[in-house]
Amino acid sequence: MTLKIYNTLTRKKEVFETIEPGKVRMYVCGPTVYDKAHIGHAMSALVFDIIRRYLEYRGYEVKHAMNFTDVDDKIIKRAQALGKDPFELAEMYIAEFEKNLQDLNVLPPTVKPRASREIDQIIQMVQALVEKGFAYPLNGDVYFRVRKDEDYGKLSGRRLEEMQAGARIEVDERKEDPMDFALWKAAKPGEPAWDSPWGAGRPGWHIECSAMNLHHLGEQIDIHGGGNDLIFPHHENEIAQTESLTGKPFARYWVHNGMLQLGEVKMSKSLGNLITIEEYLSEHSADSLRYIILNASYRSPLIYSDEVVAQAEKALERLRSALRPALPEAKGLSEEGKRALQQQVEASKAGFVEAMDDDFNTAGALSHIFELVRAVNQARADGALPAELEGAQALMRELTGTLGLTLQEAQKGGDADPFIQLLVDLRLELRKQKLYALADTVRNRLAELGVILEDTREGTTWRWS
RNA sequence: GGCGACGUGGCCAAGCGGCUAAGGCAAGGGUCUGCAAAACCCUGAUCAUGGGUUCAAAUCCCAUCGUCGCCUCCA
């Protein structure tokens, strides 16, 4: 059994081999914290959380770094508009995002570096690049010299010539080449700044990730991830900087998730068509967003709609159904029944691993879990004893847990619980007296309020819809 | 204009050269139930279109149509 991962750099699925046996160093680009995070950010975090969980399931020790860009034009602009300190603003959004991730059941990254705390490393790196001739200062800025990097463009598959032809940005004529990008930017008055050999300034966007990688994970890492909108220029530039400095291949596997689309177009801050994580979670469960992502391939664009959310909630209900206890009057399974369940347990586990090993094919993995759901429910209906369901249910929890699903019922209106139970008890009395019309009215009215009643042989259960 | 991705049953979507094209949602029929619900059983697609390669293609190649992303410090 070998794990294969699609590598953006080679455009192929490759066998996963770590630099250090049994250990994975993974760096994922986190958000620029100038606003509330939306579910597109959540998608990226969830994708790499799932990857990390699976790698750990496969026995790897994962060092997972996710950064925050907390020094940036947009943050400064936003802070000025609000009359706030840019660092305070960034700090606030970082705290919010971390809360979001926790609510989404995303495992905390091993290290969470921020640009503002890596300034020494950044300056050292820029200086080293200048000394090696890969960068040049210009009026307090420092630019990376793309012409000096002969394989510039290898990640995104672009050639410098082609890009120049299509460059529409206003070109700074002082730069040696229009594609040269800033490693260090001179500060304007009133902007956050640090002292450097080139005067007061702050880091450019791409250099921070290179520096943080170098500092926290080393010169070479196994996996570098992020949204596919970061392939160019961000990751391309990271490669240029880091490899020019170290002379070694930077990341072995470049992994990029597809964009979440709201309707027909990408969800993004600049377009304004977004749903914040906070908004999503106020209406829906964390599991449902994760399920939506699991149901598709992480590399493809993902269509988000209300219908998709509804489908996800229903599918989760089905997953939960397999965890229900055995029937009270269960008499035990036949030998054939036991064998069938055991066979499905083995098939599901093997199928799960096979699917996940194939570039984290979560949709395929889910299908094997659903087959297990059917087998468990079948066994229960056939009178399986609790002990006979135990193994299969344990596997259910193991596999769904590996994907990061909690399978917990939505908990809302906890205060109303005793009153609902009261109505349920009264209705049971009505049914005993065969006052069915009244009993049905109670059930229907509760359903209108979002409470689903289910009558079983051993009593009535209820849950929020 | 350049680079790239994608178009599979009503919906979301796996599969990417060869077993009967996964799975979920929705729909229809049935079992169970006072009736429902849940659960269980049963039912449906030849894979955008047109060519081509091959003994064999949803899977490879070409063209056409359509959708989307990147080329702008957006995950």
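Note that this is a predicted model, so its numbers are computed, not measured. In what follows, chains are A, B, ... by sequence order, proteins preceding strands, each numbered from 1.
By the 30° and 60° cut-offs, the orientation of the rings of A:F144 relative to A:F181 is parallel. Ring pair A:H256/A:W254 is parallel by interplanar angle, where below 30° counts as parallel and above 60° as perpendicular. The aromatic rings of A:W205 and A:H234 sit parallel to each other, their planes meeting at less than 30°, with 60° as the upper class boundary.
In summary, the side chains of A:S348 and A:E371 do not present any donor paired with an acceptor at a separation below 3.5 Å, with no hydrogens or angles considered. Side chain to side chain, A:N257 and A:S44 meet the donor-acceptor criterion of an N or O pair below 3.5 Å. Using modelled atom types and a 3.5 Å distance limit, the side chains of A:E118 and A:H216 yield a donor-acceptor pair. A donor-acceptor contact closer than 3.5 angstrom links the side chains of A:T460 and A:D455. Donor-acceptor pairing under 3.5 Å is recorded for the side chains of A:N237 and A:Y152.
For A:F232, whose side chain is taken as the heavy atoms from C-beta onward, the closest listed nucleotide among B:rA75, B:rA38, B:rC71 is B:rC71. With distances taken from any side-chain atom of A:Q378 to the nucleotides B:rC12, B:rC41, B:rA75, the minimum falls on B:rC41. Closest contact between the side chain of A:R324 and the listed nucleotides B:rA39, B:rG24, B:rA75 involves B:rA39.
Under the side-chain contact (heavy atoms from CB on, under 4.5 Å) criterion, A:A286 pairs with A:L104, A:L281, not counting sequence neighbours. A search for side-chain hydrogen bond (donor to acceptor under 3.5 Å, both in side chains) contacts involving A:S321 returns A:N377, not counting sequence neighbours. A:K314 meets the side-chain hydrogen bond (donor to acceptor under 3.5 Å, both in side chains) test with no other residue; sequence neighbours excluded. Applying the side-chain hydrogen bond (donor to acceptor under 3.5 Å, both in side chains) criterion to A:R202, with sequence neighbours excluded, gives A:D73, A:E191. Applying the ring pair (Phe, Tyr, Trp, His ring centres under 6.0 Å) test to A:F134 and every residue at least two apart in sequence or in another chain returns nothing. Every residue two or more places apart in sequence or in another chain that forms a side-chain hydrogen bond (donor to acceptor under 3.5 Å, both in side chains) with A:K112 is listed here: A:E98. Under the salt bridge (charged side-chain N to carboxylate O under 4.0 Å, His left out) criterion, A:D49 pairs with A:R53, A:R290, sequence neighbours left out.
Comparing the C1' positions of B:rG66 and B:rA48 gives an interatomic distance of 8 Å, to the nearest angstrom. Rounded to whole Å, the C1' atom of B:rU54 lies 9 Å from the corresponding atom of B:rG17. When the C1' atom is used for both B:rA27 and B:rU33, the distance is 22 Å, rounded to whole Å. On the P atoms, B:rU49 is 11 Å away from B:rU59, given to the nearest whole Å. Annotation: B:rA26 and B:rU20 have their C1' atoms spaced 24 Å apart (nearest Å). Between B:rA45 and B:rC3, the distance separating the two C1' atoms is 34 Å to the nearest Å. For the C1' atoms, the distance from B:rA57 to B:rG24 is 27 Å, rounded to whole Å. B:rG51 and B:rU72 have their P atoms separated by 41 Å, with the value rounded to a whole Å.
Across all strands, A:Y291 comes closer than 4.0 Å only to sugar-phosphate atoms, never to a base (heavy-atom distances). Among the atoms of the strands shown, none is found under 4.0 Å from any heavy atom of A:T461. Across all strands shown, A:G225 has no heavy atoms under 4.0 Å from either base or sugar-phosphate atoms.
Whole-Å rounding puts the A:F68 CZ to B:rA75 C1' distance at 13 Å. For A:L446 and B:rA37, the CG to P distance is 17 Å, given to the nearest whole Å. We find that OH of A:Y304 is positioned 21 Å from C1' of B:rU67, with the value rounded to whole Å. Summarising the geometry, the separation between CG on A:D306 and P on B:rC11 is reported as 17 Å, rounded to the nearest angstrom. Straight-line distance from the CG atom of A:L260 to the C1' atom of B:rC68: 13 Å, rounded to whole Å. With rounding to whole Å, A:N228 atom CG is found 12 Å from B:rA75 atom P. Distance CG (A:N237) to P (B:rU72): 11 Å, rounded to an integer number of Å. To the nearest angstrom, P of B:rA75 lies 16 Å from CG of A:L289.
Nearer the 5' end of RNA chain B, as judged by each residue's closest nucleotide, is the contact made by A:A296, out of A:A296 and A:D72. Each of A:A381 and A:N361 was assigned the nucleotide of RNA chain B with the nearest heavy atom; the assignment lying further toward the 5' end belongs to A:N361.
Taking 4.5 Å as the limit, some side-chain heavy atom of A:N228 sits within range of a side-chain heavy atom of A:M259. Here the side chains of A:L319 and A:M396 are in contact, with some heavy-atom distance below 4.5 Å.
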Please write out the pairs of protein N or O atoms and N or O atoms of nucleotides 25-27 of chain B separated by less than 3.5 Å, giving the distance to one decimal.
| unit_1 | atom_1 | unit_2 | atom_2 | d |
| --- | --- | --- | --- | --- |
| B:rA26 | OP1 | A:K314 | NZ | 3.4 |

Using a cut-off of under 3.5 Å, enumerate the N/O to N/O pairs linking the protein to nucleotides 29-36 of chain B.
| unit_1 | atom_1 | unit_2 | atom_2 | d |
| --- | --- | --- | --- | --- |
| B:rG34 | O6 | A:R431 | NE | 3.0 |
| B:rG34 | N1 | A:D440 | OD1 | 3.0 |
| B:rG34 | N2 | A:D440 | OD2 | 2.6 |
| B:rC35 | O2 | A:R443 | NH2 | 2.6 |
| B:rC35 | N3 | A:R443 | NH1 | 3.0 |
| B:rC35 | N3 | A:R443 | NH2 | 3.2 |
| B:rC35 | N4 | A:D455 | OD2 | 3.1 |
| B:rA36 | N6 | A:D455 | O | 2.9 |
| B:rA36 | N1 | A:D455 | N | 3.0 |
| B:rA36 | N3 | A:R443 | NH1 | 2.9 |

Name the pairs: protein N/O against N/O of nucleotides 19-22 of chain B, kept only if under 3.5 Å.
| unit_1 | atom_1 | unit_2 | atom_2 | d |
| --- | --- | --- | --- | --- |
| B:rA22 | N3 | A:S367 | OG | 3.4 |

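What you find for A:D359 and A:Y6 is that their closest heavy atoms are OD1-N, 3.0 Å.
Distance check, rounded to the nearest 0.5 Å: CD of A:E346 to CG of A:L341 gives 10.0 Å.
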*State the dot-bracket string of RNA chain B. Criteria: Watson-Crick or G-U wobble, both atom distances under 3.5 angstrom; notation: ( ) intrastrand, [ ] crossing earlier pairs, | interstrand, . unpaired.*
((((((((.[[[..)..(....]]].(((((.......)))))....[[[[[..)....]]]]])))))))....
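OP1 or OP2 of B:rA39 has not a single side-chain nitrogen or oxygen of A:R374 nearer than 4.0 Å. Residue A:N377 places at least one side-chain N or O closer than 4.0 Å to OP1 or OP2 of B:rC40.
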_Contact pattern, 5' to 3', of nucleotides 3-9 of chain B - B, S or - by protein heavy atom under 4.0 Å_ = S------
